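Here is the structure we will look at, set down as structure tokens.
Bear in mind the structure is a predicted one, so any value in this text is a computation, not a measurement. Order of the sequence lines fixes the chain letters, A, B, ..., with proteins taken first and strands second; residue numbering starts at 1 for each chain.
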Amino acid sequence: MGVSMNQMTIAEVLNAPAAPAGKTTVGGWVRTVRLSKGGFAFIAINDGSSFDNLQIVAKAELPNYSSELARLTAGCSILAEGSIVESPGSGQRFEMQAEEIRILGWADPAGYPIQPKHHTYEFLRTQAHLRARTNTFGAVARVRNAMSLAIHGFFQSRGFLYVHTPIITASDCEGAGQMFRVTTLPVGGGALPAEEDFFGRPTFLTVSGQMEAETYACGLGKVYTFGPTFRAENSNTARHLAEFWMVEPEMAFCDLAGDADLAEAFVKHIFSAVLTGCPRDMAFFDERVEKGVVATLEHIVASPFERITYTQAVEILEKSGQKFDYPVSWGSDLQSEHERYLTEKHIGRPVIVTDYPRQIKAFYMRLNDDAKTVAAMDVLVPRIGEIIGGSQREERLDVLTARMAEGGLKPESYWWYADLRRYGTVPHAGFGLGLERTIQFATGMANIRDVIPYPRTPRSAEF
RNA sequence: UCCCCGAUAGCUCAAUGGUAGAGCGGCCGGCUGUUAACCGGCAGGUUCUAGGUUCGAGCCCUAGUCGGGGAGCCA
């Protein structure tokens, strides 16, 4: 017995139109074992290929029944060979009548932390190397995978080029946000000049691939990046990570309206793909994690996003009669409570807020004709808040230079960014979507640390 | 970083300042085409750390560590 022609995943077995003929081999980790003195054992195993387990029926006549099979516990790994038959019991369509079961690895029940019972997410975070073996984290991993595939599918089908922007960057202020320093200088070598460092200058982990993506968009048209991003902010919330994955499309010959159109189509596409690609996992999230997520996603896919300007948003908030902890006034940024009111109470679905005051947004966002606002947009969703932030980029060199000066930035640090405007400038636009926040929204998972395998947060990088 | 809350058995949680408890899991036994099975028994504790108050502290006080919720920064 071993890896044979007849080896199947549990997903393949359970989704088969009819019970596969002949002998089949399946490998997996034991979830539960129920012994029957009547002469058999029911061994439920999972191999990650599907949410559902495969029930293996082991008869007492098997040679290793009492010596091994009767001693199986949660977490043991086994390889089972037998015939797939329709199950006489309720709860599963097919089961395996085992003819041979080999134990590959024992899992001492005294020490194995994943018991067949409810565990808190907090506890499972301390066992992140084993939590993939639970229902919830298996489902999250499959949804994350389906979403990643859908992201590439969306852009590829629309002619976007996937570009790999650098992880290590020398721009010391690509935007807001503290950066992680990258150095080979000795620890405590702050006295050594940066000229002695590996790159001969200070370098950091990227906080965004946007500027590099812009350079490729201004030459290749439509591009996107999809990779890790790093923020050294001391953020301790359920929606911030120090290392997260971001998707950043960038389009030449595109304005803010086109950018918002793309964002809306994009969000709808990936939610739709998750619903059709992971129905069993989504049913689990709907039942056990966040009641109503499936209906929420279906509704989002089917209905247009609301679009309002920042100025309209402020008016809505002022007229709302709601009491906010922070006052609403034109010119100051929208607080979480404001965003939540807009998307959860006033509109009840995703909303795209555009045209923010220039003073609260980045220098590269295009100045509108009113000279008071910039062509920026945020996509806000209920419960999570901002999942997309984007803008039309300032393509006029003189305006860009003036905006840099306003922000106290040194134009010489951005010489290559300015060159895009100096030589053959074009209107262009793009946005950034936080992968983990989008997974959070799609699954209903409350904490961002539970939608990435190994979360990096302040004072936490165990695995 | 700020505000609030928490830390007790492997896990989830109880316990008026006065002998540390339950459920689940584990071990032993019973029963059963079972479905996080069920029934009986047993074992399992430096009550986060360091100080302090008190005749006596899991409980009160101080500091710290870690975790959670909210806020800010943002995706």
Side-chain angles (χ1 to χ4, degrees), chain A residues 31-44 52-59 71 73-75 85 87-92 95 97 107-127 134-135 174-179 207-210 228-248 263 288 324-326 332-340 360-362 378-381 384-390 431-441 446-452 457-460 462:
Chain A
R31 287 290 181 84
T32 61
V33 179
R34 290 178 291 276
L35 291 179
S36 166
K37 284 286 156 40
F40 15 145
F42 297 101
I43 305 164
D52 294 300
N53 301 326
L54 178 65
Q55 172 162 285
I56 294 174
V57 183
K59 292 205 168 101
R71 293 169 42 225
T73 53
V85 300
S87 177
S90 58
Q92 60 281 317
E95 65 186 19
Q97 292 287 347
D108 180 4
Y112 187 62
I114 312 295
Q115 301 164 2
K117 57 164 283 189
H118 172 78
H119 285 105
T120 59
Y121 295 132
E122 291 84 356
F123 170 70
L124 290 172
R125 264 172 237 150
T126 71
Q127 307 293 327
T134 65
N135 285 335
E174 285 184 8
Q178 287 291 307
M179 302 177 82
V207 295
S208 165
Q210 177 200 316
T229 308
F230 307 87
R231 304 273 167 94
E233 300 288 347
N234 190 9
S235 298
N236 296 285
T237 79
R239 58 186 185 285
H240 286 88
L241 291 167
E243 177 183 294
F244 65 99
W245 283 63
M246 189 152 67
V247 181
E248 296 178 287
R288 294 295 184 87
F324 295 113
D325 292 336
Y326 293 83
S332 54
D333 213 349
L334 300 178
Q335 302 292 314
S336 284
E337 56 175 344
H338 303 148
E339 295 181 345
R340 204 168 295 139
I360 59 172
K361 288 292 182 183
D378 283 354
V379 178
L380 310 177
V381 298
I384 308 295
E386 183 180 348
I387 60 170
I388 285 179
F431 62 78
L433 170 132
L435 179 70
E436 286 77 15
R437 286 187 185 176
T438 310
I439 298 169
Q440 269 188 279
F441 184 76
N447 197 308
I448 200 167
R449 296 164 198 199
D450 299 324
V451 297
I452 189 169
T457 56
R459 297 177 305 282
S460 174
E462 174 70 19

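Base pairing annotation: U65(B) forms a Watson-Crick or G-U wobble pair with A7(B), both donor-acceptor distances under 3.5 Å. The partner of C60(B) is G52(B), by the rule that a Watson-Crick or G-U pair needs both atom distances under 3.5 Å. As the counterpart of A71(B), U1(B) is assigned, both hydrogen-bonding distances of the Watson-Crick or G-U wobble pattern falling under 3.5 Å. In a base pair of the Watson-Crick type (N1 to N3 plus N6-O4 or O6-N4) or a G-U wobble (N1-O2 and O6-N3), with each distance short of 3.5 Å, G29(B) is matched with C39(B). Pairing for G21(B) goes to C13(B), judged as Watson-Crick or G-U wobble with the two contacts each under 3.5 Å.
Using atom C1' as the reference point in both G17(B) and C61(B), the two lie 14 Å apart (nearest Å). The same atom, C1', is picked in A36(B) and in U12(B); the two are 14 Å apart, to the nearest Å. Nucleotides G41(B) and U34(B) place their P atoms 25 Å apart, quoted to the nearest Å. Comparing the C1' positions of U8(B) and C42(B) gives a spacing of 22 Å, expressed to the nearest Å. For G45(B) and A20(B), the C1' atoms lie 8 Å apart once the distance is rounded to whole Å. Across the C1' atoms, U16(B) and C59(B) are found 10 Å apart, a figure rounded to whole Å. A distance of about 47 Å separates the C1' atoms of G33(B) and C66(B), rounded to the whole Å. G25(B) and U35(B) have their P atoms separated by 13 Å, given to the nearest Å.
The ring of Phe244(A) lies on top of the base of A75(B), close enough and flat enough: under 5.5 Å between centres, under 30° between planes.
The residue Gln440(A) sits apart from the nucleic acid: no heavy atom pair falls under 4.0 Å. As judged by a 4.0 angstrom heavy-atom cut-off over every strand, Gly432(A) is placed among residues touching the sugar-phosphate backbone only. Residue-level contact check: Tyr326(A) touches the backbone only, with heavy atoms under 4.0 Å from sugar-phosphate atoms and none from bases. Asn447(A) comes within contact range of the sugar-phosphate backbone alone, with a heavy-atom separation under 4.0 Å but no base atom that close. In this structure, Arg71(A) reaches neither bases nor backbone, as no heavy-atom distance under 4.0 Å exists between it and the strands shown. Using a 4.0 Å heavy-atom cutoff across all strands shown, Pro116(A) reaches at least one base atom of the nucleic acid. Within 4.0 Å (heavy atoms only), Glu436(A) reaches no atom of the nucleic acid at all. Backbone-only engagement by Arg125(A) is indicated by non-hydrogen atom pairs under 4.0 Å involving sugar-phosphate atoms exclusively. Within the nucleic acid shown, Phe123(A) comes within 4.0 Å of sugar-phosphate atoms alone, with no base atom in reach, counting heavy atoms only. Residue contacts for Gln55(A): at a heavy-atom cut-off of 4.0 Å it reaches a base atom on one of the strands shown. The residue Thr32(A) sits close only to the backbone: its heavy atoms come under 4.0 Å of sugar-phosphate atoms, none of a base. Using a 4.0 Å heavy-atom cutoff across all strands shown, Thr237(A) reaches at least one base atom of the nucleic acid. Nucleic acid contact for His118(A): base, since at least one base atom lies under 4.0 Å from a heavy atom of the residue.
Comparing atom distances between the Gln335(A) side chain and each of C11(B), A71(B), G33(B) picks out A71(B) as nearest. Here the side chain of Arg459(A) is nearest to one of A71(B), G10(B), C66(B), namely C66(B). The listed nucleotides are C27(B), A75(B), G72(B); the one nearest the side chain of Ser336(A) is G72(B). Closest approach to the Val57(A) side chain among G72(B), G33(B), G26(B) is made by G33(B) (side chain taken as heavy atoms from C-beta onward). Of all nucleotides listed (G26(B), G72(B), C11(B)), G72(B) comes nearest to the side chain of Ser235(A). For Gln115(A), the listed nucleotide lying nearest its side chain is G10(B); candidates were A71(B), G10(B), C11(B). The side chain of Met246(A) has A75(B) as its nearest neighbour among A71(B), C74(B), A75(B). Nearest nucleotide to the Phe42(A) side chain, out of C11(B), U34(B), A71(B): U34(B).
RNA chain B is contacted by both Thr120(A) and Leu435(A); Thr120(A) maps to the nucleotide lying nearer its 5′ end (nearest heavy atom per residue). Ranked by how close their nearest RNA chain B nucleotide is to the 5' end, Asn236(A) and Gln92(A) are led by Asn236(A).
When ring centroids are compared, His338(A) and Phe324(A) come within the 6.0 Å threshold.
The distance from atom CG of Asn234(A) to atom P of U1(B) is 5 Å, rounded to the nearest whole Å. The distance from atom CZ of Arg31(A) to atom C1' of G25(B) is 16 Å, rounded to the nearest whole Å. Distance CD (Glu386(A)) to P (A75(B)): 5 Å, rounded to an integer number of Å. With rounding to whole Å, Gln97(A) atom CD is found 14 Å from G33(B) atom P. Atom CD1 in Ile448(A) sits about 13 Å away from atom P in G70(B), given to the nearest Å. For His119(A) and C24(B), the NE2 to P distance is 14 Å, given to the nearest whole Å. Computed from coordinates, the Asp450(A) CG to G67(B) C1' distance equals 13 Å when rounded to whole Å.
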Using the rule given for ring-ring contact (aromatic ring centres under 6.0 Å, His included), can you reason through Phe42(A) versus Phe40(A), listing the C-alpha separation, both sets of side-chain angles and the distance that settles it, and then say yes or no? CA-CA 7 Å; Phe42(A) 297 101; Phe40(A) 15 145; 5.8 Å; yes
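In this structure, Ser36(A) reaches the G33(B) phosphate: one of its side-chain N or O atoms is under 4.0 Å from OP1 or OP2. Using a 4.0 Å cut-off, no side-chain N or O of Arg239(A) falls inside it from OP1 or OP2 of G70(B).
Atom CD of Glu95(A) is separated from atom CG of Leu54(A) by 8.5 Å, given to the nearest 0.5 angstrom. Leu380(A) CG to Ile388(A) CD1: the interatomic distance, rounded to the nearest 0.5 Å, is 10.5 Å. Rounded to the nearest 0.5 angstrom, Leu241(A) CG and Ile452(A) CD1 are separated by 5.5 Å. To the nearest 0.5 Å, the span separating CD on Gln127(A) from CD on Glu122(A) amounts to 13.5 Å. Rounded to the nearest 0.5 angstrom, Arg125(A) CZ and Thr457(A) OG1 are separated by 8.5 Å.
When every heavy atom of Ala238(A) is checked against every heavy atom of Gln440(A), the shortest pair comes out as O-NE2, 3.3 Å.
Using modelled atom types, one finds a donor on one side chain and an acceptor on the other under 3.5 Å when comparing Ser208(A) with Glu248(A).
For G33(B), its base sits under 3.5 Å from the side chain of Glu95(A) at one donor and acceptor pair at least. Below the 3.5 angstrom threshold, one finds no donor paired with an acceptor across the side chain of Glu462(A) and the base of G67(B). Arg34(A) contributes no side-chain N or O that forms a donor-acceptor pair with the base of C38(B) under 3.5 Å.
Under 4.0 Å is where a charged nitrogen must lie from a carboxylate oxygen, and between Asp52(A) and Arg31(A) no such pair does.
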